[in-house]
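By convention in this document, chain letters (A, B, ...) are assigned in the order of the sequence lines, proteins followed by strands, and residues within each chain are numbered from 1.
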Protein chains: 2
Amino acid sequence: MAYRETEKIQARKADTKAKILSAARQIIALEGFGGLTMAAAAKQAGVATGSMYRYFPNKIELCTALFRQLSGREVDEMRAIAKLDLRPAEALARCCFNFTQRAFRAPVQSYALMAEPLDPALEMERLIYRRAYAEVYQCIIERGIEAGDFEELDSHTASLAVVGMLAEPLLAPLHQFYSGESEPFDSRKLALSISRLCLNSLGSKAQLKNQDFDEQFNEYA
Amino acid sequence: MAYRETEKIQARKADTKAKILSAARQIIALEGFGGLTMAAAAKQAGVATGSMYRYFPNKIELCTALFRQLSGREVDEMRAIAKLDLRPAEALARCCFNFTQRAFRAPVQSYALMAEPLDPALEMERLIYRRAYAEVYQCIIERGIEAGDFEELDSHTASLAVVGMLAEPLLAPLHQFYSGESEPFDSRKLALSISRLCLNSLGSKAQLKNQDFDEQFNEYA
DNA sequence: AGATAAAGTGAATCATGATTCACACCTTTA
DNA sequence: TAAAGGTGTGAATCATGATTCACTTTATCT
């Protein structure tokens with residue numbers, strides 16, 4: 001045996017893998033999954049097309065890894081809010097604001113993750129992450145029900161509905177960015193409307209004041 | 001000039017065009033857009049591949065026509081409910097039930113229309129139809145606000161949120177059908193939860209009794 | 001019937017983009 | 001430094017499926 005992978009090489013490989021993922025991310029942020037070809041990603045990462053296959057067995061795996069990385073971050077963000085020991089209504093409202101906020105920070109990428117046509121194999125991933133979002137919300141909702149802040153309802157369905165409520169109103173404006181016709185957009189106002197609908201749907205009596213939202217908005221801005 | 005299109009031919013052409021659309025629809029209902037190739041649709045319709053292009057300039061146009069036909073029906077269904085001169089809360093609840101009901105009647109097709117990865121060109125159509133659904137809901141919502149049945153809120157955002165609330169909780173179960181693992185599913189219970197969330201979100205005080213939903217469900221079953 | 005203009009056909013062609021592969025080039029170990 | 005076992009390369013290959021086109025058949029009109 002005259003060769004064994006050494007630390008240095010492992011590090012380099014990890015680095016290259018990260019570079020590839022990063023390149024793919026850049027492409028997605030600019031053009032969505034539609035612009036992501038193996039050749040383009042290779043070029044952007046500064047490696048040969050063939051090298052891509054030393055790091056990912058095929059394109060699907062690359063896309064999956066990327067999708068998980070990006071969606072994972074978003075879900076983690078929600079989880080972090082859920083951990084904060086806030087009143088459930090406050091927590092959900094923050095989720096609304098944070099989600100909306102972040103979506104418009106990287107609109108094309110967000111659109112790609114949320115709604116862009118993907119390889120069918122990836123659609124499963126999307127469902128999995130929607131489920132993950134829903135679980136976070138479900139947890140908050142259940143706390144709210146226990147605390148008597150929300151009315152008794154099917155927390156599972158409610159959590160999915162919240163996912164829909166948060167995402168759907170963003171799609172049209174995000175698509176604008178995706179298709180190039182970006183216009184200035186007041187995401188704060190939108191988030192405010194959505195969070196109200198969201199809390200209403202759960203039967204929350206909490207009426208967070210506008211002020212609260214403003215502060216929170218700035219906190220995450 | 002020794003040839004001019006006659007009525008008979010026009011009728012036949014219209015018929016063939018319809019046959020092609022119908023064939024495409026059958027394929028979609030069974031396998032989603034993923035299974036829809038020009039060759040497959042031609043075979044199903046009983047025409048040659050090349051003939052497809054006498055009726056549709058390209059695949060996108062065919063898909064678009066089909067998408068419009070199918071989505072149009074669904075939206076019309078909602079419009080019909082909106083016209084019924086019901087209390088806004090009742091109208092919205094019916095929309096919930098009808099939408100859910102119809103979705104599970106043709107689950108693969110519904111999934112295809114709602115969420116399946118499509119050619120990007122079609123994604124625009126999807127947005128347009130989401131918008132159309134939203135407009136129907138917006139109309140109902142505004143009536144509800146005027147009547148004092150709903151609280152004052154941004155009816156535009158609310159209508160989009162309703163679209164999301166109605167669609168999102170259906171996706172996972174519909175996907176089951178799409179990917180082959182169909183399981184018996186209680187769509188009635190789901191519709192009940194959703195309609196409650198929906199009305200809540202608008203600040204409706206109306207509490208439709210379970211009974212009402214049961215009847216309505218049967219009406220559309 | 002003969003001329004004209006479509007409509008119908010399906011095998012061949014194209015386009016796109018993922019994937020492979022034979023070869024060059026490093027790293028490690030003895 | 002030679003052998004062994006990677007890693008890197010990018011042009012060539014493949015797969016899929018849309019689209020074309022030269023040709024056949026059908027319909028209409030004089």
Side-chain angles (χ1 to χ4, degrees), chain A residues 1-21 23-24 27-28 31-67 112 116-122, chain B residues 1-21 23-24 27-28 31-67 112 116-122:
Chain A
M1 31 68 216
Y3 183 95
R4 208 170 25 121
E5 194 175 74
T6 188
E7 256 182 25
K8 202 177 86 179
I9 293 301
Q10 283 199 338
R12 174 150 60 88
K13 287 211 289 182
D15 187 64
T16 302
K17 188 162 185 172
K19 211 181 306 177
I20 289 174
L21 274 174
I27 290 174
I28 282 188
E31 314 173 49
F33 279 100
L36 179 58
T37 65
M38 292 303 259
K43 192 171 174 189
Q44 178 82 17
V47 301
T49 317
S51 300
M52 301 290 283
Y53 291 85
R54 301 271 183 209
Y55 293 91
F56 297 93
N58 54 48
K59 190 187 177 184
I60 306 262
E61 294 288 327
L62 167 61
C63 288
T64 302
L66 180 58
F67 191 91
E116 192 191 355
L118 300 171
D119 183 302
L122 276 193
Chain B
M1 33 66 217
Y3 184 96
R4 206 168 28 119
E5 193 175 76
T6 187
E7 255 182 25
K8 200 177 87 180
I9 291 303
Q10 283 200 337
R12 174 150 61 87
K13 286 212 289 180
D15 186 65
T16 301
K17 188 162 186 171
K19 211 182 305 177
I20 290 174
L21 274 174
I27 290 174
I28 281 188
E31 315 172 49
F33 280 100
L36 179 58
T37 65
M38 292 304 260
K43 192 173 173 188
Q44 177 82 19
V47 301
T49 317
S51 300
M52 300 290 282
Y53 291 84
R54 301 270 182 206
Y55 292 91
F56 297 94
N58 55 47
K59 189 188 178 185
I60 307 262
E61 293 289 327
L62 167 60
C63 289
T64 302
L66 180 57
F67 191 91
E116 192 191 354
L118 301 170
D119 183 300
L122 276 193

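The number of heavy-atom neighbours closer than 6.0 Å to CD of Gln10(A), taken from other residues, nucleotides and ligands shown, is above 12.
For the pair Lys43(A) NZ and dT9(D) P, the interatomic distance rounds to 15 Å; values are reported in whole Å. The interatomic distance linking Gln10(B) (CD) with dA6(C) (P) rounds to 13 Å, in whole Å. Glu61(A) places its CD atom 10 Å from the P atom of dT19(C), with the value rounded to the nearest Å. The distance from atom NZ of Lys13(A) to atom P of dG6(D) is 9 Å, rounded to the nearest whole Å. Atoms NZ (Lys19(B)) and P (dA7(C)) sit 16 Å apart, rounded to a whole Å.
Considering only heavy atoms from C-beta on, Cys63(A) stays 4.5 Å or farther from Asp119(A) through its side chain.
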Show, in sequence, the C-alpha distance, side-chain angles and deciding distance for Phe67(A) and Ile28(A), and conclude whether the side chain to side chain contact (heavy atoms under 4.5 Å, CB included) test is met.
CA-CA 10 Å; Phe67(A) 191 91; Ile28(A) 282 188; over 6 Å; no
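Closest-nucleotide positions on DNA chain D for Pro57(B) and Arg12(B) were compared, and the one nearer the 5' end corresponds to Pro57(B).
In this structure, Ile20(A) CD1 and Leu62(A) CG are separated by 7.5 Å, a value rounded to the nearest 0.5 Å.
A close approach under 4.0 Å does not occur between any side-chain nitrogen or oxygen of Arg54(A) and OP1 or OP2 of dT19(C).
Contacts of Phe56(B) with the nucleic acid, taken as non-hydrogen atoms under 4.0 Å apart, are absent.
The side chain of Ile9(B) lies closest to dT28(D), out of dT28(D), dT27(C), dG8(D).
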Encode nucleotides 10-18 of chain D as B, S and - characters from 5' to 3', where the letter depends on protein heavy atoms closer than 4.0 Å: B to the base, S only to sugar-phosphate, - to neither.
B-------S
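By the salt bridge (Lys or Arg N to Asp or Glu O under 4.0 Å) test, Lys13(A) is found to be paired with Glu5(A), residues two or more places apart in sequence or in another chain being considered.
Sequence neighbours left out, the pairs with a member in residues 41-64 of chain A that pass side chain to side chain donor-acceptor pair (under 3.5 Å) are Gln26(A)-Gln44(A).
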